[in-house]
Amino acid sequence: MSESLLVEQVYPRLPIFLQNAACWYYGKKEARTRFGAEFDRRLRELLDSERWHAGEIENYQNEKLRQIVRYAYDTVPYYRERWQALKLTPDDIRCREDLQKLPVLTKEDVRNNFERLVSTSVSKQRLIFRHTSGTTGKALHFHVTKEAIAFQWAVWWRHRVRFGVAPGAVHANFTGKRVVPLDQQTPPYWRWNRPLHQALLTMHHLTPPKISSVVDFLNSQPFEFYSGYPSIIHMLALHASETGLRLKAPPRAVFTGAENMLDFQRRAIQSFTGAVLTDQYGCSEGCGNASHCPEFVYHEDFEFGVVEGLELQPGNPARSILCTGFANEAFPLIRYEVGDTGVWRGDGSACPCGRESRVLLRIEGRRDDYVITPEGTRIMRFDYVFKDAMNVKEVQVVQERLGEIVLRIVQRPAYSAKDEANIRHEINRWISPQLAIRFEYVDQIEREANGKFRAVLSRVEAPQHVQAEQVTH
Ligand SMILES: [Zn+2]
């Protein structure tokens, strides 16, 4: 029986104790892959190297780059052929700046050349197959090694250690995975994954009728931290606050990732948990990462790979994020275009935390998540427009055709025509005076298959000439 059939058909019908046992079994397997001698060694090294000076960091990265480029050339047919066609050899890549000589690797390249991107020097037994569903719904397949997974977890745990939690800390993980069957109408709305020291809470059960059971559970024992998508933790904060519920033992920190945290989400989570909110940026393909330091500044996790920016338009500070990973020997990704954009700090000033690794000022959403205005500008973020719209519970901006957007809004009880007029006014003022706005009132906003919330959803093909615009407030 296939794994997906087990998860979809068998698991939901099991009694709760067997579902917990299934989570335990999965957790045991995952713990063996993630945490072991390799993880311990990597984490120890990472806690030391994050204090290196800029010169040491540069030397380290250039050395690792030369290694991975040579390795890819020697053992990965796709790179060898593509680079040879461009008359490039590993000797052309001596340092980080030389990366620009190499072509960008798109997701489409990976899909079309999956077989030829596998390194011939890694035995079949060592290959671990992975796939991402992706927000576009197009699956992407790749391989990793056990060592690469442990390295990535060590990078993620270094971020957590910066905020005072250590491996083994009991935590609550808020997930889009359906570990609690959707039709369950009585508690417990959570499952335990003991080997990973986590309680799993699913977004589908963070609803007003069930929220007091969930908060009781969170109050029933100390959880050192919460982790998960900001949009899911936001649902907890929102519904619990509205019901007047309080946390008795707030977590020390809330760790988010995978989505951009929007301002209204940040405010709600902070006010409900009273905890420190910190974020990290990475991709499931495991080739680049950036994590907050205690100053809430994103630092490139330089030991794990290069996170570089590809200019999209001259003068536009937002660049397409390209990652080159050092860890994955099975399926090296070199100049892999993740599909997000970032803004780097260019002035060379040091972060007050003392770390000298590269800094990203902002990371933005997927590159195709934007609205095109009649003026031809692209708008990626709308949260500042809704900053004062207190009667809006949640909103998603959808563009289906040029010249118009649809606002899908979940209203609070006090929402009125006045709110609608205000939002219209704000959008016409900040985004475009000509953009037509349609309001659609819904009970809830659907998540992607993987549980991700998309603040902006575009179904419009972008004309080539549109000019990107960065709106910041
Ligand atoms: Zn810093």
Side-chain angles (χ1 to χ4, degrees), residues 42-62 64-65 96 151-167 169 224-227 230 251-263 265-267 269-270 273-283 286-309 317-319 321-327 338 340-365 470 472-473:
R42 288 291 186 187
L43 183 57
R44 238 186 350 262
E45 286 174 2
L46 288 166
L47 289 171
D48 174 57
S49 54
E50 69 176 329
R51 294 290 168 191
W52 286 357
H53 294 300
E56 291 170 277
I57 293 173
E58 195 184 328
N59 289 340
Y60 173 93
Q61 274 207 323
N62 289 343
K64 288 286 165 195
L65 259 183
R96 187 176 165 125
F151 195 171
Q152 187 168 29
W153 277 98
V155 167
W156 290 344
W157 268 99
R158 172 171 67 180
H159 172 221
R160 293 174 177 180
V161 170
R162 287 175 185 167
F163 291 86
V165 299
E224 282 209 46
F225 66 92
Y226 296 172
S227 64
R252 189 191 288 264
V254 175
F255 295 95
T256 58
E259 285 174 347
N260 292 323
M261 167 108 58
L262 305 172
D263 281 342
Q265 295 171 334
R266 179 187 303 281
R267 283 200 307 273
I269 296 171
Q270 219 142 31
T273 62
V276 166
L277 255 67
T278 169
D279 188 52
Q280 62 102 19
Y281 170 79
C283 53
C287 50
N289 214 84
S291 316
H292 270 168
C293 69
E295 301 289 328
F296 306 101
V297 169
Y298 292 101
H299 285 262
E300 178 186 64
D301 293 303
F302 69 89
E303 304 89 337
F304 189 62
V306 170
V307 182
E308 107 193 84
R319 290 161 176 252
I321 294 178
L322 306 182
C323 290
T324 299
F326 300 151
V338 184
D340 301 316
T341 54
V343 178
W344 274 255
R345 189 165 67 193
D347 64 1
S349 62
C351 181
C353 77
R355 288 172 185 78
E356 296 187 10
S357 43
R358 269 163 221 256
V359 159
L360 281 115
L361 294 177
R362 284 200 302 284
I363 290 158
E364 323 234 317
Q470 218 47 56
T472 49
H473 288 261

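Just so you know, ligand 1 is whichever comes first in the structure, and atom 1 is the first atom listed for that ligand. Fair warning: this is a prediction, and the values are worked out from it, not measured in the lab.
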Exercise for review: For E300, enumerate each residue passing the side-chain hydrogen bond (donor to acceptor under 3.5 Å, both in side chains) test, keeping only those at least two apart in sequence or located in another chain.
Suggested key: Q61, R96

Review point. Who pairs with W156 by side-chain hydrogen bond (donor to acceptor under 3.5 Å, both in side chains), at least two apart in sequence or on another chain?
Key: Q280, N289

Exercise for review: Classify the angle between the aromatic ring planes of F302 and W52 as parallel (below 30°), tilted (30 to 60°) or perpendicular (above 60°).
Suggested key: tilted

Check your understanding: Who are the side-chain hydrogen bond (donor to acceptor under 3.5 Å, both in side chains) partners of E50, not counting sequence neighbours?
Key -> R162, R355

Review point. Where do F151 and F304 land on the ring pair (Phe, Tyr, Trp, His ring centres under 6.0 Å) test, with the steps shown first?
Key: CA-CA 8 Å; F151 195 171; F304 189 62; 5.2 Å; yes

Exercise for review: Answer yes or no for R160 and F255: cation-pi contact, defined as NZ/CZ to six-membered ring centre under 6.0 Å and angle to ring axis within 45°.
Suggested key: yes

Check your understanding: Which residues and atoms, protein N, O or S only, are under 2.8 Å from the Zn ion (ligand 1)?
Key -> C293 SG, H299 NE2, C351 SG, C353 SG

